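This one's a predicted model, so the numbers in the text were calculated from it and none came from an experiment.
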Amino acid sequence: MALVDANYNFIFVDVGCQGRISDSGVYRNTDLWKKFEHEQLMLPADEPLPVKTNMLPHVFVVDSAFALNKHMMKPYSGVYDEGNKKRVFNYRLSRARRVVENASGIMSSVFRVFRRPMLLNPEKSDKYNNVCIAAQFFKKK
C-alpha cells in the first residue's frame, strides 16, 4: 500500500501484506488506517479552492475498492453517457490515479527486480521494497 504525491514521491508505504487481500483489506491493516480512524494524521485544515469560497477538505484519490468518506475521493460506480458530469469526473479522477501507477512503473524501471516475482522469503522482500523506496526518495533530494 502506498501514498504518492503529485510529484511521484512516496509519502507512505506499508509492505508485507499478502497480495491476495483486497486493497481495502490491505488498507485496514496499515498504520495509516489506524491513524486515519483516530484522526491522528494531522491533515491540513479545510480551505477553499482559488477564487472560491466553499471550504473543501484535502483528499486522497483512491479507487472504487475504498470506502467513501470526507477525505477519500473515489469514482462513481456505473457506466454513464458521454458528456455526463459523473463520467467526466471519473475520467479526471482516473488521470490523477495514474500518478500512483506511474510511480510504481518508475520504481520498476530503476530497480528491475520489480519486473518479475521475487524469489525471496517474505521478510527479505519487505526489506528490499523499503530500501528501494527509500533510495528513490533520497535520490530526488
Side-chain angles (χ1 to χ4, degrees), residues 1-118 120-141:
M1 178 69 51
L3 280 179
V4 179
D5 69 9
N7 297 316
Y8 303 100
N9 295 315
F10 287 87
I11 303 300
F12 172 85
V13 178
D14 192 324
V15 297
C17 199
Q18 289 184 353
R20 291 182 268 186
I21 300 173
S22 68
D23 286 349
S24 61
V26 171
Y27 172 59
R28 288 189 178 271
N29 287 316
T30 64
D31 289 334
L32 179 67
W33 181 78
K34 292 170 191 153
K35 289 183 179 194
F36 191 79
E37 287 296 306
H38 294 99
E39 298 180 8
Q40 297 173 337
L41 275 185
M42 297 186 294
L43 295 172
D46 296 357
E47 58 184 285
L49 293 173
V51 195
K52 299 288 181 177
T53 57
N54 294 349
M55 300 299 279
L56 297 172
H58 287 79
V59 295
F60 299 106
V61 176
V62 298
D63 64 20
S64 58
F66 291 83
L68 183 64
N69 66 43
K70 178 181 176 183
H71 293 285
M72 300 280 188
M73 187 177 290
K74 64 184 253 179
Y76 287 101
S77 60
V79 179
Y80 300 95
D81 294 331
E82 195 171 320
N84 183 296
K85 287 183 180 183
K86 291 182 180 180
R87 183 173 176 164
V88 171
F89 173 84
N90 284 352
Y91 171 73
R92 290 181 178 164
L93 191 68
S94 74
R95 287 182 58 197
R97 286 188 13 241
R98 281 186 219 156
V99 172
V100 176
E101 293 167 19
N102 290 345
S104 300
I106 292 167
M107 283 288 292
S108 69
S109 69
V110 173
F111 300 103
R112 294 178 180 255
V113 70
F114 293 118
R115 293 186 176 194
R116 59 190 178 279
M118 284 188 224
L120 301 170
N121 68 29
E123 293 79 25
K124 285 187 178 178
S125 65
D126 292 352
K127 289 177 183 176
Y128 195 86
N129 283 314
N130 287 332
V131 166
C132 291
I133 291 165
Q136 278 296 95
F137 177 77
F138 290 112
K139 180 180 168 186
K140 293 179 181 179
K141 298 295 178 192

Review item, side-chain donor-acceptor pairs of residues 75-85, under 3.5 Å, at least two apart:
| unit_1 | atom_1 | unit_2 | atom_2 | d |
| --- | --- | --- | --- | --- |
| Tyr80 | OH | Ser77 | O | 2.7 |
| Asn84 | OD1 | Lys86 | N | 2.7 |

For this session: Please report the C-alpha distance between Asn54 and Leu49 in whole Å, then the side-chain angles of each, then the deciding distance to 0.1 Å, and finally whether the side chain to side chain contact (heavy atoms under 4.5 Å, CB included) criterion is met.
Result: CA-CA 8 Å; Asn54 294 349; Leu49 293 173; over 6 Å; no
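- Asp5 places a side-chain N or O within 3.5 Å of a backbone atom of Asn7 that can act as its donor or acceptor partner.
- Within 6.0 Å of the CE atom in Met73, the count of heavy atoms belonging to other residues, nucleotides or ligands does not exceed 12.
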Atom pairs and distances, side-chain donor-acceptor, residues 102-109, under 3.5 Å, sequence neighbours left out:
| unit_1 | atom_1 | unit_2 | atom_2 | d |
| --- | --- | --- | --- | --- |
| Asn102 | ND2 | Arg98 | O | 3.4 |
| Ser104 | OG | Val100 | O | 3.3 |
| Ser108 | OG | Gly105 | O | 3.0 |
| Ser109 | OG | Ile106 | O | 2.8 |

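- Minimum heavy-atom separation, Val62 to Leu93: O-CD2, 4.4 Å.
- Partners of Asp46 according to the salt bridge (charged side-chain N to carboxylate O under 4.0 Å, His left out) rule, which considers only residues two or more places apart in sequence or in another chain, are Lys70.
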For this session: Before giving the answer on side chain to side chain contact (heavy atoms under 4.5 Å, CB included), spell out for Ile11 and Phe60 the whole-Å C-alpha distance, their side-chain angles and the decisive distance to 0.1 Å.
Result: CA-CA 12 Å; Ile11 303 300; Phe60 299 106; over 6 Å; no
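- In this structure, CG in Leu56 is found 9.5 Å from OG1 in Thr53, a value given to the nearest 0.5 Å.
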Problem set entry | Worked check of side chain to side chain contact (heavy atoms under 4.5 Å, CB included) between Lys35 and Phe12 | CA-CA 12 Å; Lys35 289 183 179 194; Phe12 172 85; over 6 Å; no
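- Nearest heavy atom pair, residue Arg112 against residue Arg116, reads O-NH1, 3.4 Å.
- In this structure, Pro48 and Met55 approach most closely via the heavy-atom pair CD-SD, 3.4 Å.
- By the neighbour-count criterion of 12 heavy atoms within 6.0 Å, atom CZ of Arg28 is sparsely surrounded, having that number or fewer from other residues, nucleotides or ligands.
- Side-chain atoms of His58 never come within 3.5 Å of backbone atoms of His71 as a donor-acceptor pair (strictly under, hydrogens ignored).
- Counted within 6.0 Å of CD on Glu39, heavy atoms from surrounding residues, nucleotides or ligands total 12 or fewer; the atom is thus considered open.
- A pairwise comparison of heavy atoms in Cys132 and Phe111 identifies O-CE1, 3.5 Å as the closest pair.
- Between His38 atom NE2 and Trp33 atom CH2 the span is 7.5 Å, to the nearest 0.5 Å.
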